[in-house]
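Contents: one structure, followed by commentary.
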Amino acid sequence: MEINVSQQLKAPIGYIREYEVDELVDILGINVGSRVQGSVKLTRTNRGILVQGTLHTNTPVECSRCLKVFDYPLTIKIEEEYFPVIDVNSGTPLEIPDEPGSFTIDEHHILDLSEAIRQNALLAIPMKPLCREDCAGLCQVCGKDLNKGQCRCKKTEIDPRWSKLVKLASAGKKTNKRKKETE
Ligand SMILES: [Zn+2]
Ligand SMILES: [Zn+2]
């Protein structure tokens with residue numbers, strides 16, 4: 001979403017304008033647009049324009065347990081200051097503050113919201129998304145989606161705390177067998 005802020009750059013510090021957002025944004029960089037909606041407030045600062053707002057969208061993510069792709073509802077909070085590359089009155093180039101991830105307003109006074117939306121949306125995606133709170137995940141042996149029912153491996157699965165005992169027990173059985181054979 002591109003906003004021409006030439007008028008606002010000429011306005012006094014503290015001057016506010018609000019914009020409705022209803023935009024397709026390629027959040028994941030996979031050429032699939034997610035519809036982003038909400039509103040943003042633009043405030044003239046001494047250095048540029050401060051963008052603040054809360055936006056909403058749904059973006060496809062992969063469940064960290066069952067690997068199913070599902071739409072995750074995202075709340076995107078934005079608070080970014082945009083710095084103009086040229087002075088709006090004189091047209092002379094301006095030095096951009098050396099701050100990590102700072103956004104710029106181009107020489108045509110266009111403020112492009114999309115990149116700020118994209119970056120903040122990525123931050124809002126949880127590290128381990130779940131398709132549902134109690135997702136059963138995949139069987140680690142056969143890979144079956146356990147949300148669709150149990151698999152056969154489940155019965156032979158042994159609690160790791162008992163596996164040593166089980167090994168000892170089966171070793172004991174073998175030695176008993178040998179004893180019998182030698183008798
Ligand atoms: Zn899942
Ligand atoms: Zn299984």
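No hydrogens, no waters, no symmetry mates; every other heavy atom, side chains included, goes into these values. We count residues from 1, following the sequence as given. Counting starts at 1 for both ligands and their atoms, following the listed order.
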Once rounded to 10 degrees, what value does the angle at the Zn ion (ligand 2) take between SG (Cys151) and SG (Cys153)? 110°
Who are the salt bridge (Lys or Arg N to Asp or Glu O under 4.0 Å) partners of Arg132, not counting sequence neighbours? Asp134
For Arg44, what residues pass the salt bridge (Lys or Arg N to Asp or Glu O under 4.0 Å) criterion, not counting sequence neighbours? none
Smallest heavy-atom separation, Thr104 atom then Tyr82 atom, equals O-CD2, 3.6 Å
Scanning both residues in full, the closest heavy-atom pair of Pro73 with Asn58 reads CA-OD1, 3.1 Å
Working to 10°, measure the angle at the Zn ion (ligand 1) formed by atom SG of Cys131 and atom SG of Cys63. 110°
The Zn ion (ligand 1) as vertex, arms to SG of Cys135 and SG of Cys66: angle to 10°? 110°
